[in-house]
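Taking it in order: structure first as structure tokens, then the write-up.
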Amino acid sequence: KGKRAFIAGVADDNGYGWAIAKSLAAAGAEILVGTWVPALNIFESSLRRGKFDESRKLQDGSLMEIAKVYPLDAVYDNLEDVPEDVKTNKRYAGAKNWTVQEVVESVKKDFGTIDILVHSLANGPEVSKPLSETSRKGYLAAISASSYSYISLLKHFLPIINPGGSSLSLTYIASERIIPGYGGGMSSAKAALESDTRVLAFEAGRKKRIRVNTISAGPLGSRAAKAIGFIDTMIDYSFTNAPLQKELHAEEVGNTAAFLASPLASAITGAVVYVDNGLNAMGVGV
Ligand code: NAD
């Protein structure tokens, strides 16, 4: 029987979430995605109008099918958490049931269970500010959207993830090495995410034999990364300095995700897996 995956953080065909969806689809999984509410309309209409058809193509020539797109804002656990100005915001008022708890309830109603949970989202409103100039509000917002969002998704999905299932997130080496420019508490958020990966691996492993890993990905010119502003420099730096001097393809991260979600990785949990052309292993740029 095929597996079912829920991928949170897909709003176009450029990012890691899309690539992971494709690799999982190619491996035979049924694909559900969670799309940030403000990006929902344009994503769904682009899908409908065939704008993504070229990038939906899988190796065998078929097109990736997305069984259902769920509006999601992973900063809110349930309706009581949503402030009035967001509830009535034009970009939110048109969609329904997009808090984490409601999304999980909808998935349960529509499909019953899932086997694979992927968290491919992050947000840091002050990412372009150095850490020492970051406000408390900006720092907490980065942690809320980029770290706690994963705890919340896993917590709510856990009851409907089949035993033996797998969960993963995306992290970045700025958690453990100094990457000037990755500010606003985003480096802290990734450090929390990696630490939480270990603790959640223990808890989900003991509770339901579910594996929890994170992929430390190299730089990709996604929409989120372009918003940070220094992504082209990071891509050039990696190309020049990594052991493998080649472009990093989102598909390579997608394929690692498919491996980690598969029985081939049945003894891997609590791990940070680098998919970065080996850049993390370098001590100096040469
Ligand atoms: P992306 O823009 O494709 O993905 C980020 C997604 O997060 C977007 O779809 C956005 O709509 C969504 N999002 C933001 N706030 C949200 C919220 N509150 N609720 C729900 N969704 C929300 O960009 P990406 O670079 O592929 O990012 C995916 C993951 O990969 C992130 O965790 C990112 O930190 C990580 N990552 C990226 C790089 C890189 O260079 N691009 C490197 C390492 C790790």
Side-chain angles (χ1 to χ4, degrees), residues 6-22 33-43 46 52 55 69-77 81-82 86 91-92 95 98-100 102-103 118-125 127 141-150 152-153 168-177 179 181-182 184-194 197 214-238 247-254 256-257 272-277 279-280:
F6 183 92
I7 301 145
V10 180
D12 60 39
D13 60 349
N14 291 319
Y16 282 133
W18 178 269
I20 291 169
K22 277 182 76 174
V33 305
T35 301
W36 196 30
V37 186
L40 180 75
N41 277 342
I42 180 149
F43 179 63
S46 301
F52 299 138
S55 42
V69 177
Y70 292 89
L72 167 70
D73 194 321
V75 159
Y76 305 110
D77 297 322
D81 282 358
V82 185
V86 175
R91 298 160 87 196
Y92 282 80
W98 41 259
T99 66
V100 173
E102 293 169 296
V103 168
V118 178
H119 174 281
S120 181
L121 64 95
N123 198 13
V127 64
I143 298 275
S144 173
S146 313
S147 314
Y148 189 78
S149 58
Y150 183 54
S152 179
L153 278 165
L168 63 106
S169 64
L170 275 293
T171 186
Y172 184 48
I173 191 151
S175 59
E176 43 175 326
R177 300 275 183 266
I179 310 279
Y182 197 74
M186 279 307 298
S187 57
S188 329
K190 291 307 192 187
L193 184 66
E194 291 173 24
T197 296
T214 187
I215 294 175
S216 185
L220 173 77
S222 64
R223 189 187 170 105
K226 283 184 182 138
I228 302 173
F230 70 148
I231 189 67
D232 292 333
T233 313
M234 297 317 288
I235 291 171
D236 289 346
Y237 181 88
S238 178
E247 193 187 330
L248 176 67
H249 298 284
E251 187 188 356
E252 296 174 294
V253 168
T256 304
V272 179
V273 177
Y274 296 94
V275 184
D276 65 347
N277 285 325
L279 186 64
N280 73 89

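Counting starts at 1 for both ligands and their atoms, in listed order.
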Return a yes/no value for [X]: is any of its N or O atoms, backbone included, closer than 3.5 angstrom to an N or O of ligand 1?
X: Asn14; result: no
X: Met186; result: no
X: Leu220; result: yes
X: Ile231; result: no

How does [X] reach ligand 1, by side chain, by backbone, by both or by neither, if only non-hydrogen atoms under 4.0 Å count?
X: Ala39; result: neither
X: Met234; result: neither
X: Ala145; result: neither

Could you pull out, from [options], the option with a heavy atom nearest to [atom]?
atom: atom 24 (P) of ligand 1; options: Ser146, Ser222, Ser238; result: Ser222
atom: atom 7 (O) of ligand 1; options: Leu121, Leu72, Thr171, Ile228; result: Leu121
atom: atom 37 (C) of ligand 1; options: Trp36, Tyr172, Tyr76, Tyr16; result: Tyr16

Name the orientation class of the two ring planes belonging to Phe43 and Trp18 (parallel below 30°, tilted from 30 to 60°, perpendicular beyond 60°).
perpendicular
Residue pair Ile173 / Ile179: nearest heavy atoms and the distance that separates them
CG2-CD1, 4.0 Å
Does [Y] offer a backbone N or O that forms a donor-acceptor pair with the side chain of [X] under 3.5 Å?
X: Thr214; Y: Ser169; value: yes
X: Ser222; Y: Gly15; value: no
X: Lys190; Y: Leu170; value: yes
X: Ser238; Y: Ile235; value: no
X: Ser146; Y: Ala142; value: yes

Using a strict cut-off of 4.0 Å, indicate which atoms of ligand 1 neighbour a heavy atom of [X].
X: Ala122; result: 7 (O), 14 (C), 31 (C), 32 (O), 34 (O)
X: Gly218; result: 40 (O), 42 (C)
X: Leu170; result: 29 (C), 30 (O), 32 (O), 35 (C)

Counting only heavy atoms not in Glu251, do more than 12 sit closer than 6.0 Å to its CD atom?
no
Quick check on side-chain contact (heavy atoms from CB on, under 4.5 Å): which of Val253, Val10, Val118, Ile215 does Tyr16 satisfy it with?
Val253
